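Below is one structure, written out as structure tokens; the observations come after it.
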There are 2 protein chains.
Amino acid sequence: MDASQLTINPGASEPIYRQIVEQVRRMIASAQLPPGDLLPSVREVAGAHAINPMTVSRAYSLLESEGLLERLRGTGMAVAAQARRARPESERLALLDPRMQDLARAARELELPASRVLRRLGQLLEDGT
Amino acid sequence: MDASQLTINPGASEPIYRQIVEQVRRMIASAQLPPGDLLPSVREVAGAHAINPMTVSRAYSLLESEGLLERLRGTGMAVAAQARRARPESERLALLDPRMQDLARAARELELPASRVLRRLGQLLEDGT
DNA sequence: CCATGTGTATTGTTGTATTGATACACATGG
DNA sequence: CCATGTGTATCAATACAACAATACACATGG
């Protein structure tokens with residue numbers, strides 16, 4: 001994996017370390033990052049995005065404690081072998097649930113018709129692909 | 001408006017004062033809270049949810065500086081007359097865009113088919129109604 | 001008039017989250 | 001062997017959120 005593949009927004013309200021954690025978590029769940037794959041070094045990521053190496057380290061450590069990454073001492077961090085490759089869609093969908101709950105609640109408070117919301121989200125889902 | 005209509009989760013990562021701000025903001029945008037409506041007093045809200053009155057006051061002050069609320073001295077806070085009643089759907093939809101962008105990006109990283117995501121969100125949108 | 005109800009300013013304290021600077025232990029590979 | 005590359009433990013700085021306890025200015029309504 002390349003450091004430039006990580007999208008980091010230092011100005012966002014979402015803490016940097018968590019941006020990294022969630023992004024990597026998702027890419028492992030979909031097997032875009034297969035077991036054994038090496039992640040970019042903390043200094044590499046830090047340099048590429050002008051952030052502190054410790055911030056990246058913190059993200060990696062959390063992922064390790066989740067069992068998603070493995071420390072290869074002296075070499076770096078790799079996607080753990082135990083990280084089940086490509087979890088079933090239903091499990092991956094569950095990862096989105098909190099976000100979707102929030103969205104649904106907000107939409108309700110705005111009294112927006114479901115059709116409008118679904119149509120717009122449909123557009124956004126196309127765009128990226 | 002009643003204090004019990006406010007949904008507050010003290011344990012969430014989202015700060016309490018902002019939970020209040022955004023909730024009220026949406027209910028005004030959809031005209032569930034029409035201009036002139038009185039909001040529950042800070043002490044009322046604070047009592048009902050076991051939070052600090054100043055936290056509620058902070059939320060109200062922010063909404064006032066946005067022009068959405070008006071101070072009626074000695075009486076309380078009311079939805080401002082200038083708060084356009086029921087903004088058009090397109091504007092309300094725009095308020096959801098950041099959240100939807102995030103969701104779309106996450107779904108993409110999880111390599112989830114759009115249909116799955118849309119179907120699940122559809123369910124959630126029904127539930128609340 | 002005055003008790004009672006508004007919101008708010010003030011000051012201080014507490015707990016926590018985030019990021020950063022530095023130094024360290026360790027493994028690799030020429 | 002040792003320069004160079006890993007990750008990270010440690011301590012500090014900062015900012016933020018929430019609470020607590022007052023005190024205040026003001027308007028309402030009996």
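Labels below follow one simple rule: chain letters A, B, ... track the order of the sequence lines, proteins then strands, and each chain is numbered from 1. Computed from a prediction, not measured in an experiment: that's the story for all the values here. Side chains are part of it too, since the values below use all heavy atoms of this structure and drop only hydrogens, waters and symmetry mates.
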ask   = Between D:dA18 atom C1' and B:H49 atom NE2, what is the distance in whole Å?
value = 16 Å
message = Under the rule for salt bridge (charged side-chain N to carboxylate O under 4.0 Å, His left out), what residues qualify as partners of B:E89, not counting sequence neighbours?
response = A:R116
ask   = Can you pull the salt bridge (Lys or Arg N to Asp or Glu O under 4.0 Å) pairs that have at least one residue in residues 33-56 of chain B, sequence neighbours excluded?
value = none
key: Gap between atoms CG and C1', on A:L38 and C:dA27 respectively (whole Å)   = 14 Å
task = With sequence neighbours left out, write down each residue that passes salt bridge (charged side-chain N to carboxylate O under 4.0 Å, His left out) with A:R25, or none if nothing qualifies.
result = A:E66
inquiry  = Holding to side-chain hydrogen bond (donor to acceptor under 3.5 Å, both in side chains), I want the full list of residues that pass it with B:Q23, two or more places apart in sequence or in another chain.
reply    = none
task = Send over the distance from A:Q19 CD to C:dA17 P, rounded to a whole Å.
result = 17 Å
task = Report the residues that fulfil salt bridge (charged side-chain N to carboxylate O under 4.0 Å, His left out) with B:R99, sequence neighbours left out, ordered by chain and then residue number.
result = B:E22
query = Is there a residue in residues 6-17 of chain B whose heavy atoms reach under 4.0 Å of DNA chain C, and which residues are they?
reply = none
query = Using a side-chain heavy atom cutoff under 4.5 Å and only I, L, V, M, F, W and Y, what cluster partners does A:V56 have?
reply = A:M1, A:L6, A:I8, A:I16, A:Y17, A:I20, A:V21, A:V24, A:M27, A:I28, A:L33, A:L39, A:V42, A:V45, A:I51, A:Y60, A:L62, A:L63, A:L68, A:L69, A:M77, A:V79
query = Taking only residues two or more places apart in sequence, or in another chain, which ones meet B:P98 in a side-chain contact (heavy atoms from CB on, under 4.5 Å)?
reply = none
pair A:N9-A:E14: side-chain heavy atoms closer than 4.5 Å = no
note = Those stems involving DNA chain C that have three or more consecutive Watson-Crick or G-U pairs, both distances under 3.5 Å, are C:1-30 with D:1-30
note = Sequence neighbours excluded, the answer for side-chain hydrogen bond (donor to acceptor under 3.5 Å, both in side chains) partners of A:S41 is none
ask   = A:T55 side chain N/O closer than 4.0 Å to the phosphate oxygens (OP1, OP2) of C:dG20?
value = yes
key: Integer-rounded Å distance: C:dG20 C1' and A:I51 CD1   = 12 Å
note = Interatomic distance, CG@A:L124 vs CZ@B:R108, rounded to 0.5 Å, equals 8.0 Å
ask   = Partners of B:E109 by salt bridge (charged side-chain N to carboxylate O under 4.0 Å, His left out), sequence neighbours excluded?
value = A:R26, B:R105
ask   = When the distance from CG of B:L69 to C1' of C:dT8 is rounded to whole Å, what number comes out?
value = 15 Å
task = Encode nucleotides 1-11 of chain D as B, S and - characters from 5' to 3', where the letter depends on protein heavy atoms closer than 4.0 Å: B to the base, S only to sugar-phosphate, - to neither.
result = ----BBBBBB-
